[in-house]
Amino acid sequence: MTTLDPWGAVKIDNYSKLFDEFGISKFEDLLGKIKNPHRYMRRRVIFGHRSYDSVLNAMLSGKPFAAMSGFMPTGKAHLGHKMVMEEIIWHQQQGGDAFLAIADMEAHAVRGKTWKECRELGINEYILSAIALGLLPGAHIYFQSGFNPVKDLSFEIGIKANFSELSAIYGFSGDTNISHMVSTLTQSADILHPQLKEFGGPKPVVIPVGADQDPHIRLTRGLAYKTNMFFVEERRAGNGLISVRGKAAPKEALKEIAKRTGGKLYEEHVDISGRTLDDVESVVREVELEYGGYAFMPPASTYHKFMTGLQGGKMSSSIPESYIGLTDKPEDGAKKVMRAITGGRVTLYEQKKLGGEPDKCSVYELLLYHLVEDDNELLEVYKDCVGGTRVCGNCKKFTAELMRRFLKDHQEKREAAREMLGEFGLSIT
Ligand code: TRP
Ligand code: SF4
């Protein structure tokens, strides 16, 4: 059995295990239903999900849904962060509510960043870039430390979390500082809070993440179940028997559920037949809210593949040559592309004869993930590369120029974003 390490890298060869061993579903199966799939979806960069159907159904039927993510303000925002930002923005464009947390409590407790550094990095690196990439006013942007709804909720869900469970996921030991532990619950509260009454109540919320983040998602889904008053379970699939259990729920509430679903009331549960699961769940949520419960839906997630570092290996904030920062000087970004590892052969002769290997090429990855929007154009690059008619020198120059232009344009938009902070309820200081 493989364990997923949230802070380690997941290799491409291991992705298939995620489906079999961890119960992540294939994103491909939903692709046909999505109206304007994002390039990460079309290109299989997003390869997996948990209950994304709930988000998609809401999107298709004009019901409320949301996308949320958080960024730890520890250093420079780079192309990996851009992926998550774009995924949030895409959902906002499809009519969803957008939430973006700056995880300053986590950065302070786990990485020792001062509050001042957190504030500056949060605004300058993450928020300005997210707005420059297209996040629109109406999005909820907040710093954890200044946001009571999340802090209060983290206390509440903390009742259902214990040390053994958290240490199994995060590797806590006896000398882990308590605020570090608290910050993991704050992250779960980040994920669940869009479903609080004051933000419109229970709804499908998607958290776009890298595959290594699945343990956090599973923890949070578990906390959502445990914090709810009721547990709905399908005893027989289809229109068979559905049972609603509520051990700690008020008797009256359980009675109400029996009444509204035509179910049979027992001591601690109701049995219902001839109703769909969706139907029952929505009645249960309604009643739970009336009786002061949270009625959280389990948060959904999508999983994307990682980009390789420009020098091969991992893309990591601690290795400047491995990534391109969104605030890197355009010329420096272009230079990093020129120095990147390619899937080219050792000699030009071999390249012409055998063709290049775009699947192993970090330059091709830049085109695929970020720089070429048109699928046909990208296909041409791929074909020319494997056909041996494209040579790496020129290809790098082409990519470097696209990168230079992207960074220049992005940074101009960041300057414009500075003027828009007020519209998000934020200020520079
Ligand atoms: N822990 C995440 C990180 O290390 C940041 C984070 C905080 C987050 N809250 C979140 C991510 C909610 C996704 C959803 O970068
Ligand atoms: Fe990579 Fe381009 Fe070289 Fe192909 S030609 S291996 S895509 S750099």
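Since the structure is predicted, the reported quantities are computational estimates derived from the model, not experimental observations. All values below come from the heavy atoms of this structure, side chains included, with hydrogens, waters and symmetry mates left out. One is the number of the first residue; the rest follow in order along the sequence. One-based numbering, in listed order, for ligands and for the atoms of each.
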Atoms of ligand 1 under 4.0 Å from any heavy atom of Met68, numbered from 1 in the order shown, are 12 (C), 14 (C)

Query raised in the report: With a distance cut-off below 6.0 Å to the six-membered ring centre and an angular limit of 45° from the axis, does Lys226 pair with Phe296 as a cation-pi contact?
Result: no

For Ala103, the ligand 1 atoms with a heavy-atom partner under 4.0 Å come out as 7 (C)

The atoms of ligand 2 lying under 4.0 Å from a heavy atom of Thr342, numbered in the order shown, are 8 (S)

Under 4.0 Å between heavy atoms, the region of Ile191 that gets near ligand 1 turns out to be side chain

**Report entry** Aromatic contact, His78 with Tyr369 (centres under 6.0 Å)
**Finding:** no

Original post:
Is His216 near ligand 1, meaning one of its heavy atoms is under 4.0 Å from it?
Top reply: no

Please say whether Gln213 places an N or O atom under 3.5 Å from an N or O atom belonging to ligand 1.
no

Ligand 2 atoms nearer than 4.0 angstrom to some heavy atom of Cys385 are 4 (Fe), 5 (S), 6 (S), 7 (S)

Test: Arg390 cationic atom under 6.0 Å from Tyr364 six-membered ring centre, within 45° of axis: no

Under the 3.5 angstrom rule, does the side chain of Trp90 hit a backbone N or O of Asn36 as a donor-acceptor pair?
yes

Ligand 2 to Gly344, heavy atom cutoff 4.0 Å, flagged ligand atoms 6 (S)

**Study point:** Short side-chain to backbone donor-acceptor contact, Arg221 and Pro299, under 3.5 Å
**Key:** yes

What about Tyr170 and His180, are their ring centers closer than 6.0 Å? no

- Does any N/O atom on Ser69 come nearer than 3.5 Å to any N/O atom on ligand 1? no

In this structure, atom 2 (Fe) of ligand 2 is nearest to the protein heavy atom Cys395 SG, 2.4 Å

Going by the 4.0 angstrom heavy-atom rule, the piece of Cys392 near ligand 2 is both

Note: Ala101, heavy atoms under 4.0 Å from ligand 1, region reported as neither

Looking only at heavy atoms, the pair that brings Ile46 and Thr302 closest together is CG2-CB, 3.9 Å

Under 2.8 Å: N/O/S of Cys361 next to atom 4 (Fe) of ligand 2
no

The option among Gly70, Ser183, Ser301, Pro73 carrying the non-hydrogen atom nearest to atom 14 (C) of ligand 1 is Gly70

| request: Look at the side chain of Lys151 and the backbone N and O of Ser145, then say whether any donor-acceptor pair between them is shorter than 3.5 Å. | output: yes

- Query: When the aromatic ring centroids of His193 and Tyr142 are compared, is their separation below 6.0 Å?
  - Reply: yes

